[in-house]
2 protein chains.
Amino acid sequence: MPVDKVANFEDCNCFTVRAAARHISQFYDQFLASSGLRTTQFSILTQLKFRGPLTINALAEVLIMDRTTLGRNILPLERDGLVKIEPSAADRRAKEVRLTKAGEKRFEEARKAWSVAQARFEGAYGTRRASDLRAMLRAVIASELEGADHRA
Amino acid sequence: MPVDKVANFEDCNCFTVRAAARHISQFYDQFLASSGLRTTQFSILTQLKFRGPLTINALAEVLIMDRTTLGRNILPLERDGLVKIEPSAADRRAKEVRLTKAGEKRFEEARKAWSVAQARFEGAYGTRRASDLRAMLRAVIASELEGADHRA
DNA sequence: CGGATATATGTGTATATGCACTTTGTCAAG
DNA sequence: CTTGACAAAGTGCATATACACATATATCCG
């Protein structure tokens with residue numbers, strides 16, 4: 001008895017994830033504001049801090065971000081002297097992005113603010129639940145989503 | 001034995017939701033592309049379809065979207081004749097956004113593409129799991145997230 | 001009525017996002 | 001060495017996002 005097998009628009013997975021992303025981003029951004037960084041920028045600095053210098057492509061991959069999006073997102077960081085972008089010695093097509101001293105300093109400041117936001121969020125949402133949520137979201141990211149134009 | 005009580009940056013809830021949103025949006029957008037709509041635009045038309053004309057503020061609220069963001073997101077839709085924006089008779093400060101005939105037609109086209117994307121996603125991720133995920137994301141949206149500047 | 005206050009929306013500015021297309025550099029086959 | 005496939009990054013364009021500030025209207029109260 002599939003009374004209503006038609007997909008309900010309230011149940012759009014894409015909309016729900018995007019809405020939640022807007023909501024949680026505004027929250028974290030409030031805390032990061034004092035450091036002068038946005039959440040996206042903080043994510044970039046974090047990866048560079050813990051993974052060391054990376055090329056644009058490699059950095060984009062770990063950030064689950066389009067290459068061209070990242071290419072533009074690093075420009076304000078470079079302008080403010082938080083990262084340095086230099087051509088790779090091994091492959092002159094590639095560019096290496098690395099954290100500067102100023103970038104490390106800024107990261108440490110933002111890190112404190114981030115910790116407060118993270119703790120505050122989990123206080124409201126639940127630490128265990130947040131952990132479960134992240135696991136489910138990582139599964140989304142890992143899921144093989146074939147394109148609309150797939151053949152075979 | 002809290003060996004490592006320091007929050008791990010890999011566990012940033014904000015980053016994880018945003019990354020998943022980028023990933024899933026690209027997937028749904030591939031399917032919607034044939035209709036000439038983006039996922040955000042499809043969401044807007046969907047709400048207008050099922051809730052009837054709404055003011056900017058009311059529409060922004062149901063979309064979990066900043067008022068000013070929505071104000072700009074409806075402009076391409078108005079330009080393409082999919083929605084009509086008119087001053088409210090009751091309150092001249094307010095504007096009512098409503099779906100046009102062309103908007104309804106476009107919505108029906110996009111609806112088919114959306115259904116395929118939704119089904120394809122749930123085929124890969126699991127229908128039950130997707131349902132659970134949406135419930136957890138709605139809880140994020142519903143969670144009272146006090147600002148960084150909260151007092152008392 | 002008239003001013004204080006609250007509400008609905010618009011604008012300026014800056015970042016975020018990604019597709020299609022282009023440019024530049026690498027590398028292997030001939 | 002040359003050429004052709006491939007790989008890394010840049011550019012043009014359009015939309016998405018939201019804060020701070022500005023404007024217009026409504027509403028309440030003395």
Side-chain angles (χ1 to χ4, degrees), chain A residues 14-15 18-30 32-34 36-44 54-61 63-80 82 85-97 147-149, chain B residues 14-15 18-30 32-34 36-44 54-61 63-80 82 85-97 147-149:
Chain A
C14 187
F15 168 75
R18 287 175 67 89
R22 285 191 293 266
H23 191 71
I24 197 172
S25 293
Q26 283 194 14
F27 179 70
Y28 276 71
D29 270 332
Q30 284 180 27
L32 283 178
S34 60
L37 292 178
R38 308 290 212 75
T39 59
T40 297
Q41 301 175 328
F42 179 68
S43 298
I44 294 172
L54 291 172
T55 65
I56 303 271
N57 275 354
L59 188 51
E61 186 171 353
L63 288 167
I64 324 292
M65 187 179 287
D66 187 88
R67 175 185 69 72
T68 66
T69 299
L70 175 62
R72 284 173 159 129
N73 286 349
I74 56 178
L75 296 181
L77 297 174
E78 184 190 28
R79 177 200 60 203
D80 297 343
L82 305 181
I85 306 174
E86 291 171 316
S88 163
D91 185 340
R92 273 178 302 180
R93 289 171 302 182
K95 290 187 175 179
E96 290 217 324
V97 187
D149 60 331
Chain B
C14 187
F15 168 75
R18 287 175 67 90
R22 285 191 292 266
H23 191 70
I24 198 172
S25 293
Q26 281 193 9
F27 179 70
Y28 275 71
D29 270 332
Q30 283 179 28
L32 284 177
S34 59
L37 292 178
R38 308 290 210 77
T39 58
T40 297
Q41 302 176 327
F42 178 70
S43 297
I44 293 172
L54 290 173
T55 64
I56 305 269
N57 274 355
L59 188 51
E61 186 171 353
L63 288 167
I64 323 292
M65 187 179 289
D66 186 89
R67 176 184 69 72
T68 66
T69 300
L70 175 62
R72 283 174 160 131
N73 285 349
I74 56 179
L75 296 181
L77 298 173
E78 183 190 31
R79 178 200 60 204
D80 296 344
L82 305 180
I85 306 174
E86 292 170 314
S88 164
D91 186 340
R92 274 178 302 181
R93 289 172 302 182
K95 289 187 176 178
E96 288 218 326
V97 187
D149 60 331

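Chain naming here is simple, since letters A, B, ... match the order of the sequence lines and numbering starts at 1 in each. Computed from a predicted structure; not experimentally measured.
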Report the distance from atom CG of A:D66 to atom P of C:dA20, rounded to the nearest whole Å.
-> 11 Å
Whole Å only: how far is the CG atom of A:D29 from the P atom of C:dA14?
-> 17 Å
Hey, is CD on A:E61 packed in by over 12 heavy atoms from elsewhere, all under 6.0 Å?
-> no
Side-chain H-bond candidate by donor/acceptor type, A:N57 with A:T55, under 3.5 Å | no
Are A:M65 and A:T40 close enough that some pair of their side-chain heavy atoms sits under 4.5 Å apart?
-> yes
Please figure out whether A:A90 or A:I74 has its closest DNA chain C nucleotide nearer the 5' end.
-> A:I74
Do the side chains of A:L32 and A:R38 get nearer than 4.5 Å, heavy atoms only?
-> no
C:dG18 OP1/OP2 closer than 4.0 Å to side-chain N/O of A:T69 = yes
Between C:dA16 (C1') and A:R22 (CZ): distance, integer Å = 13 Å
Nearest-nucleotide 5' precedence on DNA chain D, B:M65 against B:A89 | B:M65
B:E78 atom CD is separated from C:dT9 atom P, nearest whole Å, by 14 Å
Quick one: OG1 on A:T69 to CD1 on A:I74, what's the gap to the nearest 0.5 Å?
-> 11.5 Å
Beyond-backbone contact of B:L82 with B:I44, side-chain heavy atoms, under 4.5 angstrom | no
Any idea which of C:dG18, C:dT9, D:dA8 is nearest the B:N57 side chain?
-> C:dT9
Is there a side-chain contact between B:L54 and B:E96 (heavy atoms, below 4.5 Å)?
-> no
Nucleotide C:dA14, atom P - distance to CG of A:L37 in whole Å | 17 Å
Taking all heavy atoms of B:L63 and all of A:R22, pick out the closest pair and write down the distance.
-> O-NH2, 2.8 Å
For nucleotides 22-25 of chain C, tabulate all protein N/O to nucleotide N/O atom pairs closer than 3.5 Å, reporting atom names and distance.
residue	atom	partner	partner atom	Å
C:dG25	N2	A:R93	NH1	2.8

When we call it a touch if two heavy atoms are under 4.0 Å apart, what does A:T55 touch: a base, just sugar-phosphate, or nothing?
-> sugar-phosphate
Distance, rounded to the nearest Å, where A:L59 contributes CG and D:dA9 contributes C1' = 13 Å
Rounded to 10°, the angle between the first-five-pair and last-five-pair axes of the helix from C:dC1-D:dG30 to C:dG30-D:dC1 is 0°
Where is the tightest heavy-atom contact between A:R67 and A:A60, given as atom of each residue plus distance?
-> CA-CB, 3.9 Å
Measure the shortest side-chain to side-chain distance between B:R18 and B:C14 over non-hydrogen atoms and say whether it is less than 4.5 angstrom.
-> yes
Locate the shortest heavy-atom distance separating A:S25 from A:T39; write the atom from each residue and the value.
-> O-CG2, 4.2 Å
Report the distance from atom CD1 of B:I44 to atom C1' of D:dT17, rounded to the nearest whole Å.
-> 12 Å
When the nearest nucleotide of DNA chain D is assigned to A:E96 and to A:A21 on a heavy-atom basis, which residue is associated with the more 5' position?
-> A:E96
Would you name the heavy atoms of B:D29 and B:L37 that are closest together and state the gap between them?
-> OD1-O, 4.5 Å
Report each atom pair, protein N/O against N/O of nucleotides 12-15 of chain D, whose distance is under 3.5 angstrom.
residue	atom	partner	partner atom	Å
D:dG12	N7	A:R72	NH2	2.9
D:dG12	O6	A:R72	NH1	2.7
D:dC13	N4	A:R72	NH1	3.4
D:dT15	OP1	B:R79	NH1	3.3
D:dT15	OP1	B:R79	NH2	2.7
D:dT15	OP2	B:R79	NH1	3.4

For B:Q26 and C:dA16, give me the distance from atom CD to atom P, rounded to whole Å.
-> 17 Å
